[in-house]
S.K.: 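Sharing a structure here in structure tokens format.
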Amino acid sequence: MMKILLHELEKAKGQALPLEGFVDVKSVRLDGTETLTDVRFSGECHKEADLVIVTGTITGIIQAKCAKCLTPTEYSLNVLFDEKFSEAPVDEESDIHFFHSGMIDLSPYLVEAIVLELPYVYVCKEDCLGLCPTCGTNRNEKQCECKNERIDPRLADLALFFEKNKSDNK
Ligand SMILES: [Zn+2]
Ligand SMILES: [Zn+2]
């Protein structure tokens, strides 16, 4: 648990205090295909009037299968963190987080920041060729003899759309 104690910040008299440590990512909701490891936060916090300002970077390793070729691949997690906290009641609309009892537990905010940054789809490389839909060969590694109609999946929807329009107009 990564905590900030208000009385320690007050003792620092406006000076920034370093914040460093592992982030507990057990509560990060993953879609089952990815794993997060070695997730750390490195940053600082300081007090500005009534506000506690926390800035830093979350880094870590994501392991996930490429959506196209299914090869397990490592991606780096790199999330900028910049949040404000206040012990005074805050407006619901405001982006300032409320805390009480002189203590901020950063963990849920770090987890939220990570979740927002996780990609929807993992692709091992931009030009990944994926698997052959006929024989399953990883086309990044070798070419097979199959004759697949080369339709970009993004264009396939469009093709369907035009197909439908054509029949509607008959
Ligand atoms: Zn791939
Ligand atoms: Zn093939």
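Atoms within each ligand, like the ligands themselves, are counted from 1 in listed order.
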S.K.: Carefully, step by step, assess Glu20 and Ser42 under the rule side-chain hydrogen bond (donor to acceptor under 3.5 Å, both in side chains).
M.R.: CA-CA 5 Å; Glu20 204 85 41; Ser42 170; 2.9 Å; yes

S.K.: Has Thr73 got a side-chain atom pairing as donor or acceptor with Thr71's backbone, closer than 3.5 angstrom?
M.R.: yes

S.K.: Keeping waters out of it, list the protein N, O or S atoms under 2.8 Å from the Zn ion (ligand 1).
M.R.: Cys66 SG, Cys69 SG, Cys124 SG, Cys128 SG

S.K.: If I compare all heavy atoms of Glu126 with all of Lys68, which pair ends up nearest, and what's the gap?
M.R.: O-NZ, 4.5 Å

S.K.: Using 0.5 Å steps for rounding, measure from the CD1 atom of Ile62 to the CG atom of Leu36.
M.R.: 6.0 Å

S.K.: Does some side-chain heavy atom of Phe41 sit less than 4.5 Å from a side-chain heavy atom of Ile114?
M.R.: no

S.K.: State whether the side chain of Arg139 and the backbone N or O of Leu131 hold a donor-acceptor pair below 3.5 Å, judged by distance alone.
M.R.: yes

S.K.: Compute the ring centroids of Tyr122 and Tyr75, then answer whether they are less than 6.0 Å apart.
M.R.: yes

S.K.: Which atoms of the protein, restricted to N, O or S, are nearer than 2.8 Å to the Zn ion (ligand 2)?
M.R.: Cys132 SG, Cys135 SG, Cys144 SG, Cys146 SG

S.K.: Just by distance, do the side chain of Asn140 and the backbone of Leu129 share a donor-acceptor pair under 3.5 Å?
M.R.: yes

S.K.: Could you tell me whether the side chain of Tyr109 reaches within less than 4.5 Å of the side chain of His97, counting heavy atoms only?
M.R.: yes

